[in-house]
Structure formats: structure tokens, C-alpha cells
There are 4 protein chains.
Amino acid sequence: MDNTAVLLIDCPDRKGLVATVSGLLYRYGANILHADQHQDREAGLFFMRVEWTLDDFDLDAFQAEFEAIAVELRMHWRLDVSSRLPPVAVFVSKYEHCLVDLLHRHGIGELRCSIPLIVSNHPDARPLAEYYGIPFHHVPVTSDNRVEAEQKQLALVAEHKIELVVLARYMQVLSTAFVAQFPARIINVHHSFLPAFTGGKPYHAAFARGVKLIGATSHYVTDVLDEGPIIEQDVTRISHRSQVEDLVEKGRDLERLVLSRAVRWHLESRILAYENKTVIFD
Amino acid sequence: MDNTAVLLIDCPDRKGLVATVSGLLYRYGANILHADQHQDREAGLFFMRVEWTLDDFDLDAFQAEFEAIAVELRMHWRLDVSSRLPPVAVFVSKYEHCLVDLLHRHGIGELRCSIPLIVSNHPDARPLAEYYGIPFHHVPVTSDNRVEAEQKQLALVAEHKIELVVLARYMQVLSTAFVAQFPARIINVHHSFLPAFTGGKPYHAAFARGVKLIGATSHYVTDVLDEGPIIEQDVTRISHRSQVEDLVEKGRDLERLVLSRAVRWHLESRILAYENKTVIFD
Amino acid sequence: MDNTAVLLIDCPDRKGLVATVSGLLYRYGANILHADQHQDREAGLFFMRVEWTLDDFDLDAFQAEFEAIAVELRMHWRLDVSSRLPPVAVFVSKYEHCLVDLLHRHGIGELRCSIPLIVSNHPDARPLAEYYGIPFHHVPVTSDNRVEAEQKQLALVAEHKIELVVLARYMQVLSTAFVAQFPARIINVHHSFLPAFTGGKPYHAAFARGVKLIGATSHYVTDVLDEGPIIEQDVTRISHRSQVEDLVEKGRDLERLVLSRAVRWHLESRILAYENKTVIFD
Amino acid sequence: MDNTAVLLIDCPDRKGLVATVSGLLYRYGANILHADQHQDREAGLFFMRVEWTLDDFDLDAFQAEFEAIAVELRMHWRLDVSSRLPPVAVFVSKYEHCLVDLLHRHGIGELRCSIPLIVSNHPDARPLAEYYGIPFHHVPVTSDNRVEAEQKQLALVAEHKIELVVLARYMQVLSTAFVAQFPARIINVHHSFLPAFTGGKPYHAAFARGVKLIGATSHYVTDVLDEGPIIEQDVTRISHRSQVEDLVEKGRDLERLVLSRAVRWHLESRILAYENKTVIFD
């Protein structure tokens, strides 16, 4: 697999943005693999993702020149190289299905990151973490120790320079302070098709409402529960024969799918979040 | 196509219900085509749909004997024969896509009913109604004439002994009085995936929320807007590239699908509504 | 709605193509709405679709300068303006569902084209054509008159300078000669999920095989039956309860969807066909 | 969870079958949870699945009386109790994703069976088997030792009285002799949407054909490769941007889904295979 660079940009829209960026890449002899753009005309915003191979490419010189242009065009931007594996922390509670799925995908190379630690408020997932050789930290959370527990978690995360926190059916609510430290860098899976059935027991609520499809949603966490920018959703059909436990079971498949897709797209720098929505360059 | 009878039952659950009903049918020599049952253990309810051919079947005698049993077992029940075409009224406003779809399906025999009239608060659909040879009634609705307009509608519906009212993107809200006259006999299509985005402009709301799937829902109308028992739902994927008009366009396909399925299932006596949910024997 | 231009390009891949095209557009002051690229590294091919508004844009001057570049870069290209409505001919046999769907969409502005004629080997669709005010040509086809019938069709198509032929469940096989005149300009819908169940009676074949999903496929017609580049496919679930007529009925919904999507993408210059496959810039 | 009994029947169709079976169950005081029937009118066959709780139910007496009736009505039938866990063997080659998925589901109680052994022609899956505490048997297969290898496998399977063999991306072809010993008791997952792309490298074939959806299929193994009765299929959308490795990756998700659904339905006695098709009472 190539060693590639990915440039992810968003800025106020204007003429010539594609020409400017691709022109600069051309001058540096970039061999472009993928280029995607999107304009939100109403919001007056421009988004772009470009991926090119790094053979014979002077990345430092390019970046220096690009930085100046970016300031001028008021761009937010990120430049990632595929050979670098960002450190990711996974938080889990009692249900392991999402964790099992993520660890397997990571093990076969689908998720390009390192996973320095797994954090849980229960001890149940320790054997699974050990099977994959990943340090496991049991940090119990009670109504009395929320603040200390979170401080422990933040210390662990800081220690490993974590760049992405994945809540893999982690059922404790993160504080506003925690969330504020990781804007667009905490991915959660909610077991409903948002915006329907926010909060607790969504499968029970879906069952009561008599919906014919249930869903799961992965999203960036913001300080309002289940309201952050949606990254991915998927649904499956249910019928009158489905009891709540059937919804829970079918829902597990959806949760794993939407969470793993979100994590992968994030690691491949395919997601741009704005105005509580996401642009996904897939 | 066979001439068949369909018996649709719901009652308090107890042992022996399947045996009793199928036993009775057997004694009358019924050639059963389809038999489906469902129990809601929590609610203690039993549901059954049986369909059999009417060749050499003494329906009157069967019905007389069944009625007695039904009283004893506290059954709600319906006995329909496929040769009878229930009269259906279709209400439409400006958007004709659902109406076009229903009329085509009816024309090729997919919907086993008669359509004695089409009612609209706009004149636009008259040519379409005339093409299909169906009487068209333009009943304008303003904030001043709601009561009179609805009385006209009810009179038309009563005159033709309408058994099912289909709101094919009919955008006026029916009064509680109207709705009360047709329990589980008014089918509406709402252009969102309920319970998300109830009320007006659901595509705009979906766009703002940044969902990745949009949907449409067909349901029986109750006196709470968009809250009645859901009959069918379907979704389609959208992306950041979709503008509101794209959602509206994709949504049209879903609206036609979920509405036509609901109408067909109702006409085939496949739907039982209870506790604001539906059992669909498909 | 804007008056826009769409440039659709495919050429041998090399560095600088995005920069060159977007650079040229920038020099002409183009206000780009959408830009999409794709590279097939194995085949060494580059594909691009750019759409921009035509306000204050000197299209003739741009085209003249672009033509020179295109020759140099060995580009195949097409430049369309949204205000121009290409003439489209629709062929149909006995089943009208696809035609009904296309004519309705065309009527509400979803398909940006003109439809100067409808051709059929049966007379059944004449009333529908007349309802939409489109000239209807009944050209019967028998085993004896195939050549003459096709000559009549070709004459009609030539007379109206038809640019796209849509086979909307037109069941006669076009000759190699006919097909050769419209490379990537005849769209057909085949009622199966290709490459499964080519040829006749695909629903019967699907039923016999016991598949759990049936599908429909729209594709460009080539001289090998059902083998041309696939444009769109979709599926729906069936169960053991489905008889062949149920497959046919469910299949109609899929056929309408995949055919209308293909026609619309073609009219919006979103499709590039190569190596018997298609790139769809949606 | 209840201890239940499941009766699965198929026989020549005739009047009174539902009445007979449900009548017998009623006489024994069965508390029926689920009852499903299906008739194939063309084939003249009847299928039924009934599930009831075993509290206060004289299963032996019921079975004795039922056996006599079954002989008379020429029924094939099976009577399973949910408390009994059938022994299942899982075969795997190099790709573990299906195995990981099955073992996780088994571990959380979704698959009601015991798994006494895992067999593989590679050693790679040993750690995974050990993590789940399941005996692992590495039986290498070469062109020279096919017969001996299969004899080892059959011996292991016989030793543990295996009732179902699951080929979880097991890539060796089983001999006709092996298959003959397990009619409708070997479930395989093929990584295509059958009947398209049978045999080897289906993702490469799908890529070449330019399909817009790829699929996976689980089926009972017969002596013709990839031709046995289909149990479950599912698809996912791909685009021109997908390379073969992307198809392989997306396909893994489908393979896990269709295989696990098939295994679960089999273990819950929901599948009846006939005429190379399946009836699934889900």
C-alpha cells in the first residue's frame, strides 16, 4: 500500500480554490490518487479532500508554501500521512460487540491507527483486551466519583497523546469539560436512528412506537447528548414479530457497522464537520 | 385469480385459538391458501389471518357458526371476499406523484378496490382524474371555510359509502370529527421517517439535522398529527451533496412506495392495528 | 434554476489534469458548482465532471481554448448546457409502468429533455402518450418484418434528431446495426439483477433458483444482449411466500427506479462508460 | 428464557393439516408461542413450524401420538427442544472474520448450540479458538492428501456427533462423499450474490462486470459447488471508486451477516429445504 498524504480543507467559498490547490500540487509534481470537492452554496463554504502519493514529493516544502496560501484564503486544514498511525482510545462498558468488531478490524489492518489503551467502567472486557495485547484500564464510575473517574480517564488519554476517543457502547455520559477537549474527536454510537429515540432505552421506545425499521447512528460527541454531527446511520427492517430483545440483537449488527465506518472514515481524513453536520468524502 | 375469503381476527390470547378456527374451517371443507398468526404475550393478544378459496364453500353457514364462537372468545373480526371491491376515496393536494402511482396500480389490477372519487383542495389533478375516468371534486379549503369544506367532503364520502380514505399527499389537516368517523380507515403518507420530523417541512428539518438517510411513513390517521399506527416505512441514502430539493425528489419515490404498500395491504386485509402499532400479515 | 454548463472528460491519466482544467475555468471566471474526478490507476484513465454557472461566462471562447488542450491531452469530452433539452425517444411494449413513471417525472421537470415521440410494437400505450401530448407511433414487429420495422424506427429517430433512446420495457431485441448507431445512447432496463438471469423470463428463473433478493438493472445497450455497461441496479427482498407474480409486481417498482435514475444521470451528463463499466458522478 | 419445543413439518398438502396439528397440540394443553405455515400450491407441499412452551407439557406422549399421525400424512418432521444444544463444528481457512463473528455471537448466547471443535487447514486461527476455549484441529490440505485430510475431518466430526458443519470461509471443496453425509446440514458462505459469480475470485469478477451492488450468500452445501439451496443473501452498494480490495472489505460485513443469520435460523429450526430452495420461518 502506498504511503500517501491527505489534505483536508474547509474555507469560505470563492472562485479558483480548486485551481489554486491542484495547481500548487501540480507544481510539486504530486501524483494525485483522489480529489473530491463540495460547496455549500447557502453557507458559502468550500470543502476539499486531496490524496496523493508521497514518492518523490517534498512534503515539507509543499506544506510551507501551502500554509501561506491557507492563511490568505482563511482555510482550516489538516495534512495527514498514511504511514502515521494516530493513537486511538476505545471506551467500553458491558456490551463488547462493538469492541470485538473494532479490535478485529484493527488487527487485520482495516483501521490505520494504534490503540494504546482500552478504558472501561466494568472489568468484563479485560480478557478481550489482553487477547489483543492492549492495555486495559478499569475505571469504575459511580454517582459519587464521576469527577475523579473522569480525571483518571483524561490523564490516561493525555499520557498516550490520544487523538481520537471511540465510545464503543460506553454508557456513561462524558462531562462538558471532557467533550470540550476533543472537538470532532470523540465518536459515539447511539443505538437508534437519530434524531428519533434519543437518550436511554431507545429500543424500548422504538418498540413502543411500532416503527418498521430500527437504526443506529455514529456521531461526533458534543455537549448535548445524542445531538452531535451525524457521521453514519443504517437501518434494518423489523416486524410485529420482533420483541425488544430482537431489536437489541438486530441493532447490534447496525451499531458495529455504523461505528466502524465512522472510525475508519475519520482515520482516513474523510470527514469534515460543520454546522452540526458532516461532509463525508468516501 | 381465485375468489377467496379472508378472515382477520384479534382477541384475548388463550390456548386453542388456532385449533378452534382451523378446525371450524376444516369442517366446512376450506381449502386454506394462507394462514398466519401472531401473539403479543405481554399484551395478552392473539391475531390471525386466514385466506381460503370459496369454491364449494358455504360462506353464510360458516359465518353464522363463526359469529357465535367469536362472541364467546371475545373476538374482533372481519370477513372479506376478494371479489368485492371496497370503495376508496383518494384525497390529493398539489403534488400528484402518489396519486399517479396509485391510479396506475389500480388500473393494472394491483389495488383491488373501486375508486369512485378523487377529492382535492386544488384543481390541478382534474386532468389526471379524467384520464382514468374517475369523478374529480375540487373542494377548496381556506382558513375561513374549513368546516364547510369538510362537510362537503364527508357528504361525498358518505354518498359513495367510502370504506377507506387515502391521503395521497393531501396537505390539509382533517378535523378530529372527520378522523373519528374512520378509525383505522384513513391512510396518510408523511414525508419523513417517523417519529422523526413530524409536522411541516420535514425535508428541511432532515437537511438541517444532517441525517444520512431520509424516509417516508404511511400510517393510519388518528387525532394526533403524524402519531397514528405506522403501517410501512422506507428509507434512502443521502449525502452531503444532497440539497433540500434533492431530498424532496428522492423522497417522492419513498412516499409512493410506502403509501401504495399500505393501501394494498389494507385492501388485502393484512393489517391489524392495536396499541398504536400494526401487525402486518404479508 | 441556474443555467449551467457541464464538462465531461475522460483521457489517459497524467499529472496536472485537475490543475489544467480547473485553472482554465478559473481564468474564464467560472463559478464552479460541482467538480468530481476519478482515476482508474490500473487502466491508466482519468475522468472528470465539472459543472459551473453560465452567468457572465464566455462559453464560446472557453470552448475554443479547451478544444486545443483536449487534443493535446487526448481527451474525449462533452460540453452540455442545462438549458438545452436533448430529444429523447421512448420505446415501450405492453407494460406501461416504466413509461408512466418516466412521463410523470418528465412532466414535473425531473428529466431535462424533450420527448418528441414514443414508439411501440403495440397500440396499448397510445392513450397515455396522448394524455401527455406526445406523438405515438405504433410500429408492429413480427418475425417477418423485423428489418422494415426497424427501418421505420430508425427513420423516426433520425427525423427527430434523437440523442437518447430509452427502452422502457421494450421487449423486442434491437439489431446490431441499430445499436451501432447509438453507442452509449440506448438505455435499457432488464428485469433482473445482472449478471444473474439474463435473457427471457428472469423472474421465473429467480423464483426457481430460490434467491432471497430480486433486482432490476439499467444499462447501455451493446450488441450482446444484457451485457452492456451497467448504470444502476437495485434489489428488494422476497421470501418463500412470494410467487412468480409477486416477483413481477415487486420487480416493477425496481424497474421504474433503476431506469429513471439512469435516464436522469445520463441527461445530467453524469455517466461515463468505459471497459463495459460506468463511472457515475452523482 | 422459556424452554420450548419446535415442531418442523413438511408433507404433501391436503385439507385439515393446520387443524390436525394445532388440534393435537391443544389437546395436550400446549401454550403456543409461534405458529407459521406455508403452502407451495404448485408443488403440492405444506410446511409448518410450531413453537410452544414445555411447562406442564407431556412431550413424550405428544410425540408418540404425533408420530402415528405423521406416518399417515406422510410427513417429514423434526421435534427439537430449545434446552438441547446441538453440537456444531466450524471449519475455517485463513480469513477469520466470519469465525470471530460466530464465536462472539455464540459467547453472548445468540447461537444456541455447543461448539466442540474448530477445524482449519491453516494454523492461524488457533489463538482465537483458544481464547474461546474451543479445541482447535489443524488439518492441512494439499493436492496429495485430500482423501486422508477429509477422513481426519470426518472422524473428528463423528467423534463429537456433530449435527451441523459451518464453513466459515473455509476455502477447500468438500468431497461428494462428505457432503452426502450431511444433507441440509452443512452451511457455507459464498462471497457473491448467487447465482452470479460462482466459483473462485467472485469479487474480481464483480469488479470486472461493473455491478453497482455486491453481495454474499449463505446456503446448504450440495454436491454441486455454490448451487445448493440459498438460505440468506444481502447486498451493499459500491461505486466506480471501489477497487477490488474495497469490495473484499465491504464483502466481509455481508459474509458475516448472511452466515450468522443462516446458522441461527438453522439452530432455531426455522429452515426447510426443498427443490433446491428454502422456506424460512423467521
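Residue numbering restarts at 1 for every chain, and letters A, B, ... go by the order of the sequence lines. Computation of the quantities below employed the complete heavy-atom set of this structure, encompassing side-chain atoms and omitting hydrogens, waters and symmetry-equivalent molecules.
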Between B:T278 and A:K212: side-chain donor-acceptor atoms closer than 3.5 Å: yes

Interface residue of largest heavy-atom contact number with chain A, from B:H38, B:H219, B:R209, B:R237, under 4.5 Å: B:R209

Max heavy-atom pair count under 4.5 Å with chain A, selected residue of B:R241, B:R41, B:E227, B:E42: B:E227

Full working for side-chain contact (heavy atoms from CB on, under 4.5 Å) between B:V211 and A:L194: CA-CA 8 Å; B:V211 289; A:L194 292 177; over 6 Å; no

Is it the side chain or the backbone of [X] that comes within 4.5 Å of chain A heavy atoms, both, or neither?
X: B:F47; answer: neither
X: B:D234; answer: both
X: B:A208; answer: backbone

CD1-CD distance between B:I214 and A:Q233, expressed to the nearest 0.5 angstrom: 11.5 Å

Chain B contact via A:F207 - side chain, backbone, both or neither, heavy atoms under 4.5 Å: both

Whether over 12 other heavy atoms sit under 6.0 Å from B:F66 CZ: yes

A:H240-B:F281 aromatic ring centre distance below 6.0 Å: yes

